[in-house]
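Following: one structure in structure tokens, then a few remarks.
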Amino acid sequence: MVQVTRRHLLKGAAAAGAFAALPGPLVREARAQTTQKRELVVAQGGDISKFDPHFSTSSNDIRVSFNLFDNLLSRRPDGRLYPGLATEWKREGQTTWSFKLRPGVRWHTGDVFTSADVKWSLERTWDPKQNTRVNTVFTTIDRIETPDATNVVVHTKKPDPLLPARLAFYGGQIVPKKYLEAVGNDAFNARPVGTGPVRFVSWTKDDKVVLEANPDYWGGRIDADRVIFRSVPETAPRIAALLKGEVDVITQLPPDHGERVAGAGATQVVGALYAGLYVLAVNSKRPPLDNPLVKQALSLAVDRELIVKELWRGRGIVPSGPVAKGDNHYDPALPPLAYDPREARERLRKAGYKNEEIVIETTVGYTANDKPMSEAIQGMWREVGVNAKVEVVEYSVRAQKNRDRTFKGLWWSDPTSTLGDPDGMMWRLLGPGGPQDYWRHPRFDELGEAARFSVDEKFRGEAYREMTKVFLEHFPWIPVVQPYEDYGLQKYVEWTPNPNQQFEIRRFNFKFRRA
Amino acid sequence: MRGTLGFLAHRLLRALIALWLVSTVVFVVMRLSGDPVPLLLPPDAPRSEIFRVRTELGLDRPLPVQYATFLANVLRGDFGRSIHFREPAARVVLGYLPATFELGLAAFAFAVLVAVPIGVLSAARRNSLLDHAAMGVALVGQAAPTFFLGILFILLLSLKAGLLPTGGRGDWHHLVLPALTLGIFAMASIARLTRSAVLEVLRADFIRTARAKGLSERLVVAKHTLKNAAIPILTITGLQFGTLLGGAVVTETVFAWPGMGRLAIQSIYNRDYPVVQCTVFLSAVVFIAINFVIDLLYGLLDPRVRRA
């Protein structure tokens, strides 16, 4: 995902320090832990750029669009798929999926939602004339049939085990055919119409988005009359707004500020384990990184537990391999990646490492903790005799290098598991022609390709287990941490976040605590 | 009369050249700084998609052609379509203008209304306690980074004292902290310069004459000194307006103020060329216009300038 807004502009260590040092007790300390509020105010790190869900995948945008719109299926905080606009779905044969639509659903305009909207929405994503930003999501679909108003049949070109998962994430939001055809894309983006739990009221750029509850929502009316998304780019003022009670929820709460929010009396920290990993991706074409022994040594030399404890304040776990915890086919029996500096030295010796320079190209704040982690790892590598160097690059330079595949050595990547499955993560990124294609291995490639097009989950599980084994010998990524994504909440807000930044406000996961 | 017209024409020509230079520099710098397309597309977008978007945005054409089109369009007031927002850049930027204007004006008014009296008083009571205190505060105001001051104000006045909101735009309560943060640097430098300008005039012969005539000190300062000290004060005020525009970038970010400065920063990160070009151009127009007005005021205050 492109997440420009995740960089913390002007993130001043001085200011953060001053903030942490400020002594308690705060204005709101003794305030009640219940509320009579009918308005939910969410502050996030940047403004949205678009409402049209097919024209953006940035995290700030989808926090809003997943509430205006619905998907056929929905992935809930427990990581499983639940009915959305479709009440039932099943696979018939290898390449045919049928979906039964929820009856009686209406668009915010009052029009009835039908199978024609579904067909039109999905076809819109890849229509070259529409030119959407999600045109690669449904490349496996061959054609869509609508036998009647409440049934949809999707034919895929090859068996696609992950079609339901694709339908549950970005690109899969269903938009209104009739309204869009009548007003066009620009007017739709200015006054979006969906089926979701909230409907559009107004948008003041870089200030706030105002939404109101959809009283007839099929999933039940939400426990607020209005939902407001404010954009507060700086971390310290965002936290101040929460502590002062101006907002109810803040996103992107850095781990080193968690204690402050948790200890303030009226506020709390709620997190979800990130659906993905923070890894050092490796340019395995560059000597000495083409030598698996060197990469094994680099992995063994990283004290991940220390990183989690010191830099993440315990808000993360040590990965066991390339599959994120919570994903399909995650192997709970696999031990966390080992720290063994002596063995690292030994493998460097065996590899015949000749003190070649190994460079980490890091951004500052593209992912949380990227620069501090780079410096810590540089130190750990130097301990075992690696000539490690950290170079700082600007975000757009990183994007360019990513596109041209010209990284010098290692760089930070935060692969998101978009489908809750290894296919949507390691195979999407590390596969042939993928954005991080710097390393090829015949067996890995064969299994990845076969698992992508197999609907036999047992076979897929075995394939990913074997791919993990290959991965742990060659380390095309050096996984470092699977962090929690934390939010700051007023104590009177009960809300469960999703692991994949799909910020949802629904009846089942959000409630104001009333007196 | 002819002198005045010539003076005006000369200034106008210089303003136009400055605008052309500014837009050219921005054009070149933005192109040097990188490609917007990788930022627009997901990291796994195929190469063909990247080329398609480049063509769609006209980025595949040679630079001189892009430059010529750019200049021709600017002359017609067309800054192109925003890559990020997908609507005319000028419309995007104008949408942000009122917020910045409100903040800038409040900060400027605060700076001038506080700085000039303080500077004059400090000069009139040179080496008094008031002088030392005022100049000490001014020194801090000039030295402290806007970012730091902003966060400090939020922590102390908003969070601890609970007086004012932490950010966002709304009624006048929302305006106080950002205007204070933004205006303080300009305030400090205007106050310091006012003080030295007034001190310099106070040493002049005609002031000694005025005093010798038996005029009260108050009258000496108010009537004979201020008008003569006005030129350097006006100059620094005009220049400080520029730093206000620059400072707005940081202030708006800290206070989540939906203004042009924040738009500019975001657009630079997004490599949204048309919007960056339009914001910089508009800022340059404002800056040049303010200085143009100040030039005119010079002429009013001191007829000798018109002939220079």
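Chain identifiers are assigned alphabetically (A, B, ...) following the order of the sequence lines, protein sequences preceding nucleic acid strands; residue numbering begins at 1 within each chain.
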- prompt: By a 4.5 Å heavy-atom criterion (distance strictly below it), what part of B:Y96 contacts chain A: side chain, backbone, both, or neither?
  reply: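 It is the side chain, since no backbone atom gets that close.
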task: Heavy-atom distances under 4.5 Å only: say whether B:P165 touches chain A with side chain, backbone, both or neither.
output: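 Both parts, heavy atoms under 4.5 Å.
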Greatest number of heavy atom pairs closer than 4.5 Å to chain A - which of B:E252, B:R169, B:R52: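 Most heavy-atom pairs within the cutoff with chain A belong to B:R52.
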task: May I ask you to name which of B:A256, B:G168, B:G259, B:A99 has the most heavy-atom pairs under 4.5 Å with chain A?
output: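 Winner by heavy-atom pair count: B:A256.
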Donor + acceptor pair across side chains of [X], [Y] (<3.5 Å):
{"X": "A:W411", "Y": "A:N283", "answer": "no"}
{"X": "A:N135", "Y": "A:T125", "answer": "no"}
{"X": "A:S231", "Y": "B:R262", "answer": "yes"}
{"X": "A:D61", "Y": "A:S49", "answer": "yes"}
{"X": "B:T166", "Y": "A:E246", "answer": "yes"}

field: chain B contact via A:N131 - side chain, backbone, both or neither, heavy atoms under 4.5 Å
entry: both
task: Could you look at A:K205 and say if it's the side chain, the backbone, both or neither that has a heavy atom under 4.5 Å from chain B?
output: both
